[in-house]
Structures are given as C-alpha cells and as structure tokens.
Protein chains: 2
Amino acid sequence: MTSQAVASLQAEVNRLRHELQTLKVDSHSTIAGDTMFVGQYLVERLVQLGVTKMFGVPGDFNLGFLDFVEDHPKIDWVGDCNELNAAYAADGYARVNEGKIGVVTTTFGVGELSAMNGIAGAFSEHIPVLHLVGVPSTSQQKAKPMLHHTLGDGRYDAYLKASQQFTIAQAVLNSKETAAAEIDRILTECVVMARPVYLMLPTDVAYERIPAKRLQTPLSIEPPANDPEVEEFVLDEIVKLVEEAQNDVIILVDACAIRHGVKQEVEELYRRTGFPVYSAPMGKTAVSESYERYGGIYVGSVSNPAIKEKVEAAKLILSVGGLKSDFNTGNFTYHIPTQRTIELHSDHTRVQFAGFPGIGMKRLLPKLTARLQPFKEDAVQIEVPKFQLPVPQEDNDIISHTWLWPRVGEFFKSKDIIVAETGTSSFGVLDIPLPPESIFVSQILWGSIGWTVGATLGASFGALDRGLGRTILFIGDGSIQLTVQELSVMLRWGLKPIIFVLNNNGYTIERYLHGMTRKYNDISNWRWTKLLETFGGEEGKSCKSYTVRTKQELSNLLDDPTFAKAEVIQLVELIMPQTDAPRALKAQAELSGKTNRYVAEI
Amino acid sequence: MTSQAVASLQAEVNRLRHELQTLKVDSHSTIAGDTMFVGQYLVERLVQLGVTKMFGVPGDFNLGFLDFVEDHPKIDWVGDCNELNAAYAADGYARVNEGKIGVVTTTFGVGELSAMNGIAGAFSEHIPVLHLVGVPSTSQQKAKPMLHHTLGDGRYDAYLKASQQFTIAQAVLNSKETAAAEIDRILTECVVMARPVYLMLPTDVAYERIPAKRLQTPLSIEPPANDPEVEEFVLDEIVKLVEEAQNDVIILVDACAIRHGVKQEVEELYRRTGFPVYSAPMGKTAVSESYERYGGIYVGSVSNPAIKEKVEAAKLILSVGGLKSDFNTGNFTYHIPTQRTIELHSDHTRVQFAGFPGIGMKRLLPKLTARLQPFKEDAVQIEVPKFQLPVPQEDNDIISHTWLWPRVGEFFKSKDIIVAETGTSSFGVLDIPLPPESIFVSQILWGSIGWTVGATLGASFGALDRGLGRTILFIGDGSIQLTVQELSVMLRWGLKPIIFVLNNNGYTIERYLHGMTRKYNDISNWRWTKLLETFGGEEGKSCKSYTVRTKQELSNLLDDPTFAKAEVIQLVELIMPQTDAPRALKAQAELSGKTNRYVAEI
C-alpha cells in the first residue's frame, strides 16, 4: 500500500470519527470529561494547522476571543493598522507557508467590510484564509437592536450575505452544540479547497464550554481520492497522446500547482520524465528556475520570443494548475490548440476536449510520473534554451527597467521571498530567473494595488516559520500609498524586509493603459526615506533608508554586504523615469488596449 | 399657493418630462439635436447637483471616464490614497454640504470592495453618496473572460450583489438607450432618500453618444407630498396632545433632521413655539447650541443628570429625525414612554402608538409650526437650564479629558467644522456646547475607527464650497493609524485642518469595553510630529506640528492667534494618560458591558 493510500485511509477514519462525535454531542448534551471554551477550541485547531500568527484589528465584538489568542503560547496576535492590511497579511502568510492557512480576525460590520477586498483577492487567487469575525451575542442576533456597527435597519445578516460572494464556505456559530463541528467543517474546506472561508463568532458562544476530546482527532485535510477506473482511463489517454507526440511534450506549471500543494509531485514529474518545463507568471518559482531543463516564463504573445516559439511548437502541452487570466496569458494569447493540451487541476482533468470531473492532480500526478518515466531517454534529447537575462550595457546612468531587473536578479539569493506589486514590478520580475528555493509572491489575477505591503508583512512571518531567507519587496510610489502604515507593524515586530520603492511619479501601469499625461495618474511625492523613522523606527539603528538615483549608486548598495545581510528593515527609494516600463508591461498594455479601449472618437 | 406647493408641482412636471423623454429615446433611437457622451452626461448631472469634488482612485476601468471629470471646469478630481479613504471623504463632504451628495469613484472589484465599509457607513448613517464604479465593457460583461480584478470564475455580478446590501438603489449602465434615465433615477434616489447608491459604468458605455437635451430638465429631488387628509388628521392629533400636556412639551432633534434637510423647518418650529429643545448626540449642532432655549444633549442614562431629568419629566416629547442606536441613546436607556412621544421621520410619523406611513416631516413641519405657534406664550414660561460646561480647576498639569473638552470648547469659533473620531473624542465633544453655525461631524452609529481622517478631507472641501470656517479634527493615536495617508491629500490640496492627535497609547475606548491592560489594545507609537513632513509638507512653511504635554502648553497654543488662524495644516500631538476617558464614555462602557459582556467564568 502506498503512503498516499494510507494517508487517504487515515483521513477517512478521522472524518468518520468527527461525524460520530458530532452526533454524540447533538444527541445528549451532557458533557463528560474535560471541557474548554469554544474560543479556545478554535485557537487549538488553528495551532494544529500550524498557524503561528493571527492578523487583525481588535474590535468590541472580538475582544473576549482575543484573550484566548493572547494567552496561547503557540500563536501570536499581530495587531495590524487596519483590516485590509490584515487580510493582505493573512494572504501573504498563507502563500509563503504553503499548505498552511492565513487567519484574519475583524469585528462585525466596520472591520469585516474593510477586509473584504483582501478576502475576495484570496478567493480569486486560491489562497486559504480564514476570516474570523467577532459578532454580537446570540441574544442580540435574535433581538436585533440598533447596535453600533449595524446598518440601523435590523439586518444582522447583511455582512454574511456579502461575504458569501467571496468565500467558499461560511459558518455562524450560534450554538455550542454545533460549534466544534462547524469550526472543523469550515477549516477543512479552507485547507482542502485552498480558498477563503468566513466564520461568525458571537461574543457569548466564544465563552461557551464544550468537550475538549474532539481535538484529539486531527482534521481530515487530505484531498478526496480519484475514482480508480476513471483515473486509469485518463492515464491511458495521456500516455497515448505522449506517444503520438513522439516525446515532443512540454510541461507548463501555473498558480494552482503551488496553491493546491503539488510542487513536489510536479518536480517528480519533470525530473523523472525529462520533459522541458515552463511556468506561467502566476506559477513562477513553482519550478526551480535554476533547473537545467526549465525554459522560463510562458505568457502567450507577451513571452520572450524564444520561449513563445518553443512552447507553442510543442506537440503536446501538459498544463498543471493552469489559471488562464488576462495578465497570466498575455491577454489570452495562448497559441496552443486544445487538441494539443492536457490540463491537470485540483478537482478535474481535461484531456484535449474531454473533461474528467473529480480526477484531481494531487492523486494523479505520482501515477502519471510512473507511467511517463520510460519516455525520459528520448525526452532529454529535446533542447531547452537556458532561461537567463544578462544585465545590459546602457550608455546612461538612469535606473531603467531594462537594467534594473536583471541587476537585482544578481542580488537575489536562495530562499529569498521576492514580492512584486502589481504594475511595473510584477511585470519586471517575470523576465529574470529567481534563485533555487526562492518564492515569488505576486497578485497577478486579482491585482489590487497596495496589496504587497500587507503581503510582505505576512510573508516575512511565513519565512520565519519556514526558516527561509530575506523578504524583498518591489513596489511603486503610487501603490505603497494605499497601505503604507503596515511598515510600522514590521518595525514593531522587528521584521527585516528590504523594500524597494520605485519612485516614478505616479501610477505608471495606468499611464500605459490610459491617460499617459493625465493628472489623475499623478500622486503626491512623499519623503520616502523618512517613512520608517516616522512610523517608529530609529534611522541607522532599527531601520535604514536610502535614496538611489543612478545605476552606480544602486550597484554599490546591492554589493554592500551589510545591506545584503538585511539585519534591520531597509527602504530603498529608486528614482526612475516616469514613463519607463518593463518590456512585458508595455506588451501587455498594448494588448489590453486593443480589447479594452475606450471609444477614441472624442 | 404656498412656495412649497409650487416646488412640489414643479418637481412633478420634471418627473413627467423625464418619463416622456425616456420613452422617446426608447421608441426611436435616432438621435436628433446635440449629443454628448454618457460619461459627460453623468458629470453634468453631478455638477447640476452642486458637486464640486469627486473622490476616488483611478483604475483601469474608470480611466476613460476620468478624462471627462478632469476636463470639466466645474468639478475636480481628488485622487485619494486608497478607496476606503475616498469613500470616507465623499461621506464627510456630503455631511458638510447639507443637501448635496458625495461621490466616490473606484474600479471594478479591487477598488469598489475596498470602499465598501465606507459605503455601508453612509447607508447606516443616512448619507447620500454615489458609488460610481468603472467596470469592464458590455461585451466583456457578456463574454465574462478571466480578466484581472475578477474572481476567476466568471461571476461578473458578485460585486453588485454585495453592494446591494449597502445601497438603496443600483444601476448597471449596459445600454446607451437607458443610460440617462438610469443615471437620473439613481441620483434622484440618492438625494431624496439620503442614502448611498451604486452605479456600474462600463468602459464603452461611458463613450456612447446620447441626446443632451434631457439635461435641460433638472432632477426632481423634492420629497413626495403628504396625503392631505392623513396629514390634517396627524396635525389634529398632535395639537390635541400638546393641549393635554399643558405646554409641558420638549423638542428632541436627532440625526435625520440634518440628513433629510429639515434644520430650517425645525428652527422655525422651536423658535416660533418656544418649546425647549434638546439634541441627541447624532443631532448635535442641528440646533444652534447657543440658542437660549436649547438645553443640551440627551442620551438616556448617559446624559448629564440635569438634562436627563428635564427631558424625561416632560409630558410630551416631539422627536424629530430620531435614530435610536445604542451609542445615541445611552445604550437604549431612554426613559420616555411611547404614550408621551411623537416621532417625526422623513417618510413617516408616529403619534404615540399610531404609525402614519408616508407622512414625511419635510412637509409636515411648517404646518405643525403654524398650528403650534399659539402655544408660545405659555411655552416660554418653562425654564431651560443653560447648556454649558466651564473649564474645571484641576490641581495637576496633566491633559485630562475632564479639562480638555471644555478648554477646546473655548477655542471653537462660529462656522467651525468639528470632527470627532469614534472613541474618547466623540464622547468628549458631546458635553460641551459648540458655537453657532458650527457643524459637528461624527459617526456615532456606524463607528468605524479611522473614518474621520477621510471625512476631514471631505469636510474641508465641503467647508470651502459653503464658505464655512476651520475644520478641526480630534482623533486618537489608534484610530489615525488606519487611514493616516490621507493627510498627504490634504497637504497636496493646500487644505488647512487642525488635527489633534490624542496620544494615549492605544485603543482606549476598547480598553473600557474589554481588556484594559491587554496587549491587543496597544499600538506602536509613531513620531506624530513628523507625519506631515513625511507626507510631503514643509514643516514651518506648508505645515506645522506640535507636541503638547501640559494644560499650560495647550492653553498657550490655543491662545496663539497664528495657530488659531489656521493658515496652514497643523497637527497637535496631545500627550494624555492611557486610561483616562470622558465621563460619557465611561458611563456608556459600563452600560455596554452589562448587555454585551463576555462570560466571566474564566
């Protein structure tokens, strides 16, 4: 019996045990044995899932619950400056802590709605985040008085209804009898589906006593098994197509390979088959970018021409965890016919035009690797051009995008977390290879500007949990203004990210989309190097800030070993031309402009 | 015929004209005469409604529309640092510009969801705000590609569904034939109902041409007429009760008297009847607080005892625009039986236990005043204790709440806008009388911390529109962290608010609710006096910052005529004890604690 099959069986045992316990609690509510508060039960479950940090903002309906968090030795309360930043932090934390979840705790109405964009982003990008909301007591929920934080019309379910749009499961803990089962259900969904869930915890229920015994059975977070007959059929079909393609097969790895935890299975696949492997932008660093048969980033017509040609010429594309959004596909310019495509997803498989619901990649991949391994000898004959981008020689000293990205590429180290804000940064990083075991963090589908500041906070904590390296953020001066206060939380916790602020006078990505010289794309210029000090840092001691205006100055800084060690939080203001942009952004903007243009008859 | 009746008729004429025009556009879509773009039509309608500032953040689906805003001579685009702050600003703008609306423009998904808490707050507190969202083109709305800013699952209506919870009307401008009528409908609802509305403007529809003629007929924003027979009956009933009360009648003015534009009608009522008049917290400054027969703030058991006794002893209470939320009623401790209460609302009237739907106060009040005027001679015999709070003598130099509020009360001038953040500030300001024509701005029902920073931005613009005086903000160090970046927008526009930051080491209002010494109620301490400089100000030139630690220092500053003139933006850090709070907050916290307590058995 394979270890996977054993895990699957064990998961089923746990599921059944929980079901039994739920029924027992329901049928006779007399509690035997040790008890604990519902709030404590929830905290313990989070700790079991490996959560070490809870993000959020205290508010009158969650304060009692926060006592449990503050008192627990294995989880820390991270008080954020606001709820949106907290949701972003939970998202960033979950991205780096692969397989774990992020948690954001807010209060009824005012708090939870502020976090909503962050939750919707986690939904869009398949990030497991628990949104825990402290709400009025069960008696208030029934009587519906005009409490502060309500809409004034007695609709106590309005926030829940809004949240249903952006979470895959919701629970209202309105009785102690069902509280534990509901907590377990919601957390299981969160992990297995890798999507946000929403939990309303009334003030009184947090302090209800329930049996502690249920905690002894861990949550069943294994994905469900595939139907063996269908799975076998799918494997046969794929092998047939690979044979027909005469080994001219490439593997294309995308976001959901990371989100649904198959990075290792995918690595087995590409190493043991020898098929060339590429990534989509959202899958960047799912495959080690220093692997000798890794060809780089495929993004339709926005790809580097050499990569585009190799990918589109392949006779068969094995796509793993694809998420075909506009910015992830060069504005939908994949020139790959469905006849030549096999798609592996978390909960279904597609072979050419045929769909196989319920056949998930976590189970399928190891079997596929075993079946495709024999092709290796021939597969390795196919050449893969090396993914690289040397630093160009330019005859000026301006920090251009063409020069910047390959140059910082040389600065990155193994295990770095590289966070790139939507805009010039996310497009700029695409073209350069990142070091082994590094993690690329970006929000290419949802694309909410300002997100990376919160995400950097969460990512930094995630890196600590996992023993990873430096967290390095690239963000524009327009985007950082949305969420800037979260720098103070990094300072407070002694986190040490390096923050590059690309000061180019406004929203450059938007200038490329529309309104190149419009005033609405301007922003006010801040004294960037004073930010850390103002937010409580001691310049030169607990923080360092730099302004860099030329290639030489930046090179000197990057070569400075003290800087590179990142022993305090550092902020580097990069002075850059207003209308310069990375190659990929220019190409994308041109494509977007065609489909998304405003009528030009004005 | 009264002028009101004429206005009512004119409004009906306009409504009918619009209806005719709508039908004509629908039936034959050939366009005769001048045309304009839908986006321009919308901007013109806003200008007609007196809107001079539009708040928001540019984003790829609203950029084309923003060209119309930027090019219009009578409206300015105010680019905010983020969407929540922009929504707060639109709210603050509408509050000061009584009878006008606030407008916040965001982009699809990421932008609009960030603004949602601000919109929900405007709903809760009856503020007319248009939330205008730039969305993908009509063809994209149909084809539903996986665009950035989408949820990745083709649900293009998810944001609309969420918004339906927090707006009273929604419109999706998906055709040029209905665009103008839809714009008119939604704006009319916004003004008449004094609540937020939601408008989705696709990129292509903004640039469709429609007839300009419809603009010549102004919007019908008069509230509907009352049924004369019912109205007459209600008036008789009220007069009967006043007679029975033998003139022992008081008027209690609340939020909706301001929101639904009857301040003037109410003033006529209390001046021409001579009945004593009081305010609820949310109605503060609806009545001039220097009026000789104004008795102060009634807030149930949290009231000053003298006020409480006077109000609750009255034989009849004429309540105008009441909004009985917890913090507005001393946690629901009105000791006024329904038998002794008459309630006037925007869309209904209650006389004791009887409800009269459709009888709105805007029409009723002038007639009521006429009927009650004869009682004046007797009414003025009833004494009204003067609403005042002298500065106390304290034998220490600490800036205590007991001392602070009456002291700053002496600093206020006629026409000041006084903005108080939820927390110690909003409770502190309640007890002191504000000068004539001043405006009190606070969010007592919704209570979203950080709101006042955005609201101060909007209020400052509103004050400019109306030729009012200084805008003065009181906010705690915890609350300002949520939305601090908006200070930079104030600087950019040369606005000159005075900002008092109450530095008391964290969330003091929450300490009073739960967790007095808990770490989760701590925040990080910033260098407050560096904020303005960091955000682009020139200290001593375009901005001034002060730290004040003692009563004497604060008194000196307040007495400094240069400071009082407020010719640049000024920030004053007030060092205050961590656990000091105003009297009203302590009383409220005690009452909340009783109904909202966490089980204490831990």
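Only heavy atoms go into these numbers, but all of them, side chains included; no hydrogens, no water, no symmetry mates.
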Euclidean distance, [Y] [atom2] relative to [X] [atom1], rounded to 0.5 Å:
X: L84(A); Y: T483(B); atom1: CG; atom2: OG1; value: 12.5 Å
X: F332(B); Y: M146(A); atom1: CZ; atom2: CE; value: 7.5 Å
X: E83(B); Y: S448(A); atom1: CD; atom2: OG; value: 7.0 Å
X: L160(B); Y: Q165(A); atom1: CG; atom2: CD; value: 9.0 Å

Under 3.5 Å: donor-acceptor pair, side chain of [X], backbone of [Y]:
X: Y520(A); Y: G79(B); value: no
X: Q485(A); Y: L482(B); value: yes
X: E70(B); Y: K519(A); value: yes
X: S124(A); Y: T150(B); value: yes

Residue among [options] with most heavy-atom pairs under 4.5 Å to chain B:
options: G447(A), S524(A), P58(A); result: P58(A)
options: G515(A), S163(A), S488(A); result: S488(A)
options: G152(A), G56(A), G118(A), A158(A); result: A158(A)

Nearest non-hydrogen partners of [X] and [Y], listed with the distance:
X: R527(A); Y: G536(B); answer: NH1-C, 3.6 Å
X: N117(A); Y: S114(B); answer: ND2-OG, 2.7 Å
X: E510(A); Y: G59(B); answer: OE2-CA, 3.4 Å

Residue, of [options], that accumulates the most heavy atom pairs under 4.5 Å with chain A:
options: W451(B), W77(B), F166(B); value: F166(B)
options: I509(B), N525(B), L151(B), I523(B); value: L151(B)
options: R518(B), M116(B), K530(B); value: R518(B)
options: V110(B), N82(B), V57(B); value: V110(B)
options: D326(B), N328(B), L113(B); value: D326(B)
options: R155(B), E486(B), K161(B), H126(B); value: R155(B)

Using non-hydrogen atoms only, which part of [X] is less than 4.5 Å away from chain B: side chain, backbone, both, or neither?
X: L147(A); answer: both
X: I444(A); answer: backbone
X: E112(A); answer: neither

*Please walk me through it: do L63(A) and L513(B) pass side chain to side chain contact (heavy atoms under 4.5 Å, CB included)?*
CA-CA 8 Å; L63(A) 300 173; L513(B) 294 172; 4.2 Å; yes
Counting only non-hydrogen atoms closer than 4.5 Å, does [X] touch chain A with its backbone (N, CA, C, O), its side chain (CB onward), both, or neither?
X: V78(B); result: neither
X: Q443(B); result: neither
X: D522(B); result: both
X: L531(B); result: both

_Those residues that, when tested against F327(B), pass ring pair (Phe, Tyr, Trp, His ring centres under 6.0 Å) (two or more places apart)_ =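 F327(B) satisfies ring pair (Phe, Tyr, Trp, His ring centres under 6.0 Å) with H148(A), F427(B) only.
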_Counterpart residues, ring pair (Phe, Tyr, Trp, His ring centres under 6.0 Å), relative to W526(B) (two or more places apart)_ =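 By the ring pair (Phe, Tyr, Trp, His ring centres under 6.0 Å) rule, W526(B) matches F535(A), W528(B).
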*Test L66(A) against H514(B) for side chain to side chain contact (heavy atoms under 4.5 Å, CB included), laying out the working first.*
CA-CA 10 Å; L66(A) 293 190; H514(B) 185 87; over 6 Å; no
_Can you tell me how the ring of H149(A) sits relative to the ring of W446(B), calling it parallel under 30°, perpendicular over 60° and tilted otherwise?_
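If you compare the ring of H149(A) with that of W446(B), the planes turn out perpendicular.
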